[in-house]
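Structure first, commentary second.
Remember, it's 1-based here, ligands and their atoms both numbered in the order they're listed. None of these values were measured; they are calculated from a predicted model. Along the sequence shown, residues carry numbers from 1.
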Amino acid sequence: MAAFCRTAALLLQHTKKSSCALIAARTYSSGGQFQHIIVDRKGEKQNVGFIQLNRPKALNALCDGLMTEMGQALDAFEEDKQIGAIVITGSEKAFAAGADIKEMQNRNFQECYAGNFLAHWNKVSLVRKPVIAAVNGFALGGGCELAMMCDIIYAGEKAQFAQPEILLGTIPGAGGTQRLTRAVGKSLAMELVLTGDRISAQEAKLAGLVSKVYPADQVVQEAIKCGEKIAGNSKLVCIMAKEAVNAAFELTLAEGNRMEKRLFHATFATDDRKEGMTAFVEKRKAAFTDK
Ligand code: HXC
């Protein structure tokens, strides 16, 4: 109950704007308090949304309830005009040890297929605002897939990444075979998916899976700092930039370049593009208004 009140209070701190009132209302109406995650705002300007997975006894195994709550928190941050970036993290021992095996153990094909099992996980990859994963400890199976749905991965020195589904007689089901292959190339992805072996944070950095490695006790703070840096830019233009980079995973080079050009042109319809260039010429810091 205390956690619920705190979350609601944090969201209500920002109820001056009507959209935020809606968020708070939704948080209340969407089933009460979060049981499996902690939701907060971080950064000097409180403009970084923060989601911490909070199932320590199960090493943050991603049960259905947790992923549903994650979707609700992400929706709230998407709608919140003050939030310019989101950080997702776990604990020092585990970012997430995978999808909840105990929850999956007795499922059959008919249930999985008819119910489109785990389809809602994809929500993380559909968020338009930039999302940073701050990974300490185990990022295994669905945990590694969750990190890869984020836009940037920062890792603690002792983080370990793997897709060990093969050891359970199954395969990755939330983008592991696709995103890992795009991130690290075929040979390493194939090796990880077929053996279930883990790689260290340092190996993950060398392979291009993570962008930075920090001491374990600094990674969350560094991710928040990165979020603040992003949130200090035009939030509108950040969404365009993210959309353009993500197009590289979906489109041919020619189509991607065409889309990038259209988005680049579109920035010239924004106040922020004008402000950014004017500020440069006037030798002052740009004051973006996200318009
Ligand atoms: C459910 C899990 C879990 C998981 C750990 N636990 N991982 N419960 N699902 N994925 C639980 C354990 O059952 C145990 O609870 C508690 O967390 C602590 O785990 P231990 O094994 O005792 O800890 P440790 O010895 O330190 O070993 C840590 C570990 C190991 C190496 C991470 O727990 C492990 O191998 N976990 C499974 C990793 C995995 O295979 N992940 C992929 C899942 S499949 P109790 O109550 O028993 O003590 C997947 C598919 C994704 O992710 C497909 C689409 C999303």
Side-chain angles (χ1 to χ4, degrees), residues 35-38 51-74 88-127 131 133-150 153 155-184 188-204 209-210 216 219 249:
Q35 256 183 49
H36 307 297
I37 59 175
I38 295 167
I51 300 173
Q52 181 169 21
L53 312 187
N54 189 31
R55 291 189 76 203
K57 285 189 187 145
L59 301 183
N60 291 330
L62 302 165
C63 61
D64 194 55
L66 187 155
M67 291 309 288
T68 300
E69 289 181 2
M70 168 92 68
Q72 290 165 353
L74 289 171
I88 299 178
T89 195
S91 67
E92 197 153 325
K93 177 151 191 207
F95 178 71
D100 192 314
I101 299 168
K102 293 167 189 165
E103 219 176 58
M104 289 188 289
Q105 184 188 1
N106 295 317
R107 284 188 175 260
N108 61 28
F109 165 76
Q110 288 87 336
E111 271 171 31
C112 289
Y113 187 74
N116 208 1
F117 181 47
L118 299 183
H120 67 299
W121 280 41
N122 203 31
K123 177 157 202 92
V124 182
S125 66
L126 299 176
V127 174
V131 184
V135 176
N136 269 318
F138 300 114
L140 310 182
C144 187
E145 291 172 307
L146 172 62
M148 290 191 293
M149 283 183 214
C150 300
I153 306 178
E157 276 165 353
K158 299 228 171 87
Q160 294 183 41
F161 297 83
Q163 296 293 158
E165 289 88 347
I166 200 78
L167 306 174
L168 300 167
T170 185
I171 71 169
T177 61
Q178 305 303 299
R179 291 196 178 92
L180 187 64
T181 308
R182 282 165 167 79
V184 306
L188 182 57
M190 200 64 97
E191 189 184 341
L192 294 182
V193 168
L194 294 178
T195 63
D197 283 353
R198 298 182 203 155
I199 55 170
S200 66
Q202 292 72 17
E203 288 170 296
L209 181 62
V210 314
V219 64
F249 296 99

TODO: Answer with side chain, backbone, both or neither: which part of L168 has a heavy atom less than 4.0 angstrom from an atom of ligand 1?
DONE: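 Under 4.0 Å from ligand 1, L168 contributes side-chain atoms alone.
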- [ ] Quick one: look at L118 and ligand 1, take heavy-atom pairs under 4.0 Å, and tell me if it's side chain, backbone, both or neither.
- [x]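 Contact part for L118 vs ligand 1: side chain (C-beta onward).
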Is there a side-chain contact between [X] and [Y] in this structure, where contact means two heavy atoms from C-beta onward sitting under 4.5 Å apart?
X    : Y    : result
L146 : L53  : yes
H36  : M67  : no
M149 : V131 : no

As a test of the contact definition, would [atom] count as having a protein heavy-atom neighbour under 4.0 Å?
atom                    : result
atom 35 (O) of ligand 1 : no
atom 6 (N) of ligand 1  : yes
atom 48 (O) of ligand 1 : no
atom 17 (O) of ligand 1 : yes
atom 28 (C) of ligand 1 : yes

Task: Option of least heavy-atom distance to atom 39 (C) of ligand 1 (set: G141, A162, A174, A97) - done: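 Among G141, A162, A174, A97, the closest heavy atom to atom 39 (C) of ligand 1 comes from A97.
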Task: Closest candidate by heavy atom, reference atom 51 (C) of ligand 1, pool Q160, E165, K57 - done: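 Closest candidate by heavy-atom distance is E165.
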Using only atom types and a distance under 3.5 Å, with no angle test, would you say the side chain of [X] pairs donor to acceptor with the backbone of [Y]?
X    : Y    : answer
N60  : R55  : yes
E203 : S200 : yes
T181 : A189 : no
N136 : A216 : yes
E165 : T170 : no

Counting each atom of ligand 1 from 1 as listed, which ones have a heavy atom of [X] under 4.0 Å away?
X    : result
P164 : 39 (C), 40 (O), 41 (N), 42 (C)
G173 : 53 (C), 54 (C)
G98  : 52 (O)
L140 : 32 (C), 38 (C)
E145 : 51 (C), 53 (C), 54 (C), 55 (C)

Open item on the list: Check contact between R198 and ligand 1, using heavy atoms of the residue and a distance below 4.0 angstrom.
Closed with: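 Judged by the 4.0 Å heavy-atom criterion, R198 does count as contacting ligand 1.
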Open item on the list: Tell me whether K93 reaches ligand 1 (any heavy atom closer than 4.0 angstrom to a ligand atom).
Closed with: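 For ligand 1, residue contact (heavy atoms, under 4.0 Å) with K93 is present.
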Task: Polar contact flag for G142 and ligand 1 (N/O pairs, less than 3.5 Å) - done: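 It does: an N or O of G142 is found under 3.5 Å from an N or O of ligand 1.
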- [ ] Before signing off on this row, confirm whether K102 and ligand 1 have an N or O atom pair separated by under 3.5 Å.
- [x]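 Yes; the residue has a nitrogen or oxygen that sits under 3.5 Å from a nitrogen or oxygen of the ligand.
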- [ ] Just do the side chain to side chain contact (heavy atoms under 4.5 Å, CB included) check on L180 and L192 with the steps written out, would you?
- [x] CA-CA 9 Å; L180 187 64; L192 294 182; 4.0 Å; yes
Task: R182 NZ/CZ over F249 ring centroid, <6.0 Å and within 45° of normal - done: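 Not flagged: R182 not positioned over aromatic ring of F249.
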TODO: For L66 and I37, run side chain to side chain contact (heavy atoms under 4.5 Å, CB included): C-alpha distance rounded to whole Å, both residues' side-chain angles, the deciding distance at 0.1 Å, then the answer.
DONE: CA-CA 7 Å; L66 187 155; I37 59 175; 4.0 Å; yes
Open item on the list: What protein heavy atom lies closest to atom 2 (C) of ligand 1? Include the residue and the distance to one decimal.
Closed with: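 So the nearest neighbour among protein heavy atoms is A58 O, 3.9 Å.
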